[in-house]
Amino acid sequence: MKSNKDYIAFTDEFSAHNYHPLPVVLTRGQGIWVWDVEGKKYLDMLSGYSALNQGHCHPRIAQAMKNQADKLTLTSRAFHNDQMGIFLEKICKLAGYEKVLPMNSGAEAVETAIKVARKWGYYKKKVKQNSAEIIVCENNFHGRTTTIVGFSSDTQYHDGFGPFAPGFTIIPYNDVRAFENAITENTIGFLVEPIQGEGGVIVPADGYLRKCYEICQKNNVLLIADEIQTGLGRTGKLFAYEYEGAKPDILIIGKALSGGFYPVSAIACNKHIMDVIKPGDHGSTFGGNPLASAIGIAALDVIVEENLAQHAYDLGNWFMDELKKIESPIIKEVRGKGLLVGIELTEKARPHCEKLMGLGILAKETHEMVVRFAPPLIIQKEDLEWALPKIADVLKIRVTV
Ligand SMILES: *Cc1c(COP(=O)(O)O)cnc(C)c1O
């Protein structure tokens, strides 16, 4: 039998080194659990960056995928298919919008939102061509395309990849005044994460999003919420903006939209915005394909019928309270919403993630000093009760002396 080490050495030989994974090679997943090639079992506390809210290999989504895979997988949008309409209607009804544009990866959906917002800016708000401005936040994460990394404030994300697209203004996150001051006559949109996930699970002050929403309304600026990570139950509501009653003009979703089976993303908005997109303006070979649509239908049904948002709310609040009870010289802050939880340490988080792995818990550091805990939303209290003493043991001990 080959070991984790063997697989890692073999893969490293052929793989671009654009990641620094924990040294574990997974071969099977079921629900909240995954197994490595040596047969060791782990609790998955990352959930594919929240793409696996429904758990690994959810049987209902797997069945929908298998059924559709035997029937019809791709038509391209040159023809219609019988699954896409059902999928898009489901998103519209769930999220409360009139129109949806389906894509594949999250970054593609963000790009789509940027294109739709700009075109709306030129044709509806009547901003001068090629001068539209979108306001974004420091410490954002919206994906990895050249346009998107161009407005990242993280040096590593953009160093070496320029030149970048103009038209973005970066302001501090969680700063209403900065937002208000940054608006000009050319501002057409404000692209924001309700909680910055990759940025280290940064939760803005209560009322922040609501105030931004009001400023957007007042200035005819589109509120564009990137809920790719915070959406679909993760934070204890179907969408994190619900905490603030700040319904975005354009909602961006992805990740758990497929339950981890396939890249599926989308933007949702109302007709008066989506109408600016005409045939030929935008597209994707795989966007809205029948396989993705069938998977998306099942993935959304699971979130709703298994009541995952409410479950994440109840369990997340309890879990965070328990984490806050851990007495440790290296814990700076426990924060989050629902089952999107970050523990900021006073030292590097990576060695602690490695120790957790040794104890059968997979979590990943984000932004160096933060350990993120974001298990599949189907997790039960007893599973977290199993994990908590292990987490406490690891996070009590200083690594750097
Ligand atoms: C993951 C993520 C993205 C990018 O999604 P990809 O599918 O990796 O392109 C964009 N925005 C947020 C908030 C994310 O968490």
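Order of appearance sets the numbers: ligands from 1, and atoms from 1 within every ligand. Source: prediction; values computed, not measured.
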**OP:** For Q63 and R60, indicate whether the former's side chain and the latter's backbone hold a donor-acceptor pair under 3.5 Å.
**Re:**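 Checking the backbone N and O of R60 against the side chain of Q63, no donor-acceptor pair under 3.5 Å is found.
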Subject >> Any residue meeting salt bridge (charged side-chain N to carboxylate O under 4.0 Å, His left out) with E368, in chain and number order, not counting sequence neighbours >> reply: none
Subject >> Shortest non-hydrogen contact from S131 toward Y122 >> reply: N-OH, 3.3 Å
Within 45° of the six-membered ring axis of [Y] and under 6.0 Å from that ring's centre, is NZ or CZ of [X] located there?
| X | Y | value |
| --- | --- | --- |
| K211 | F179 | no |
| K381 | W318 | yes |
| K237 | Y243 | yes |

**OP:** List, ordered by chain and residue number, the protein residues whose closest non-hydrogen atom lies under 4.0 Å from any atom of ligand 1.
**Re:**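 Residues within 4.0 Å of ligand 1: S105, G106, A107, F141, H142, G143, E193, D226, I228, Q229, K255.
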